[in-house]
Amino acid sequence: MIENILLLSLFGCVVGIFTGLIPGLHTNTLAALILPVYAYFGISPLGASVIISSIMASHIFSSFIPAALLGAPDEDTALSILPAHRLLMSGRGPEAVFLMSAGAALALMLGVPVLFLSMKAFGGLYDSTRPFIHYILIAIVAAMIAGEKTGKKILYACLIFFMSGLLGFFVLDAGILPAQNALLPVLSGLFGASTLILSLERRTPIPLQKNSVAAVKPAAMARFAVLGTSAGLFVGLMPGIGASQAVVLTQQVFAVSSAESFLVMLGSVNAADSLFSMSALYTVGNPRSGASVAVERLLGEIGINELLVLVGAMLLSSGIAAFASLKISTRALGVIQRVNYPLVSRLVIIFISLMVFLFSGAAGLLVLLTATSIGILCERLGVKRNHCMGCLLLPTILFFSGNVTNALSLLRIG
Amino acid sequence: MESRFPALFFSLSAIGLLLIYASAGRIEAVAAGIGSVDSTMVGSYVEVAGYVESARFSDDTIFVKLSDGYREIDVVIFSGLKRALGDGAYAIFAKGSIISVRGVVDEYKGVIEIVPNRVSDIRKLAK
């Protein structure tokens, strides 16, 4: 039995490493593919759950690579593009991947004892904070916008927030794209394609990459990992809030300013979110991610034994994936430096466009084009790119305040 | 030259948003039988019709079971739409009412459900 679990976890780890390298391929999609076929291979429901958990864990680490090195993110790594790109352009690309991976690894090490020591409190935490979430988010958005230096920039920040917020609202709540594919064109445009187009415009060649020592001291790294783990715990329990929103919240509340610290925190939030959203099946009795929905369909309600197996599989998979991702990123950088980086950027833009068209059709391309324009406009106006997170924050505020219907009526949609 | 670029990208963004807004108002729901709505349709915008088997009203939400005589499906009305429907919701979701519902197919705890967002998504066809 234990040998089977180990083998299935290793299998899931390898699959997750591979899928994380492909932008737009989400663990939820893979989980949905496993459900109808696992029985044909003589795999038990617990075994299939182990595979899904292991894929989810290793996918996190390898997904940092396309986000950091190519500017091609998924919804959870979108915010990493700018700080990672900054490091890449100062010859510290491997460090970007290391920082995110270190943050993720630390979050898992911190998160597991937190999970088992305090799981009884989670249900109460969720129930007590849910009525106030939209107030918290509004306060955070106000602080983000007020953080701009001049009155003119504050107005520009409001413009970017509401334009990206409207885009997110149309896509997520007005139903112009299928829900499971809605975020790819929005976030790829706002953060991925726009960054690549701007770098093409500047014609900046990618400098020689060094295996530099991380510029964050271990104590500081641990501090940001704790912040990220806490934020990941919060969003792992809350429906409707993803890792990206948690990162924005934490950045604003705790004034995380350096690119390096931000990347550690981003990695932590993503890993902690995956851990707590999977274990929410046990702690609050509800799944909180597509992968955990799949596990619930396989196992029904899970007990402490199943939780231990799934968490163990996630840790094993993460350890291997962290090591493998660092090796892959170093090799990938070697290849990228030998090829024409502007050509790579153009190919990535074409690839993103093809993926969007494949999953979302012409409507998706229109969303991608609009999102890219807003992302470039943000840079042209000289305001912070995190205002583009309005694409998620505004729909989330409307949802938790119960105003989605009012907004649809106000805009006379439907 | 540089100062014209913000206007160019603002125009592109605004035109894109207008086109997306225009298409949002034209989304057609796919007519589907209750029995045919399954997990492969998660995220799709569908329209189903049937009679109200049961309706449970909580503080924030209305949970409706809609049936076509053979199969049932859950319809979930969240707080915003519940407020918009007001007291009329009791008449619409009275047991035995025949209604049509348009909404997004979702899956929650392994159960397929339809989530309407607009008042116009729910129509009472007959009592």
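Since the model is a prediction, treat every value here as computed from it, not as a measurement. Lettering of chains follows the sequences in order, A, B, ..., and the numbering in each one begins at 1.
To the nearest 0.5 Å, atoms CG (L167(A)) and CG (L17(B)) are separated by 6.0 Å. The CG atom of N117(B) sits 9.5 Å away from atom CZ of F399(A), with the distance rounded to the nearest 0.5 Å. Summarising the geometry, atom OG belonging to S373(A) is positioned 9.0 Å from atom CD1 belonging to I15(B); distances are rounded to the nearest 0.5 Å. Rounded to the nearest 0.5 Å, atoms OG1 (T370(A)) and CG (L12(B)) are 8.5 Å apart.
Nearest heavy-atom pair across P6(B) and L381(A) is CB-CD2, 4.1 Å. Across every non-hydrogen atom of R118(B) and T405(A), the tightest pair is CA-CG2, 4.4 Å. Nearest approach of S13(B) to M163(A), heavy atoms of both residues: CB-CE, 3.3 Å.
You'll find the side chain of F10(B) reaches within 4.5 Å of the side chain of L159(A), heavy atoms only.
Only the backbone of S401(A) comes within contact range of chain B, with heavy atoms under 4.5 Å apart.
Put simply, the side chain of R83(B) never gets that close to the backbone of N406(A): no donor and acceptor are under 3.5 Å apart.
Applying the 6.0 Å contact sphere to CZ of F57(B) captures more than 12 heavy atoms from other residues, nucleotides or ligands.
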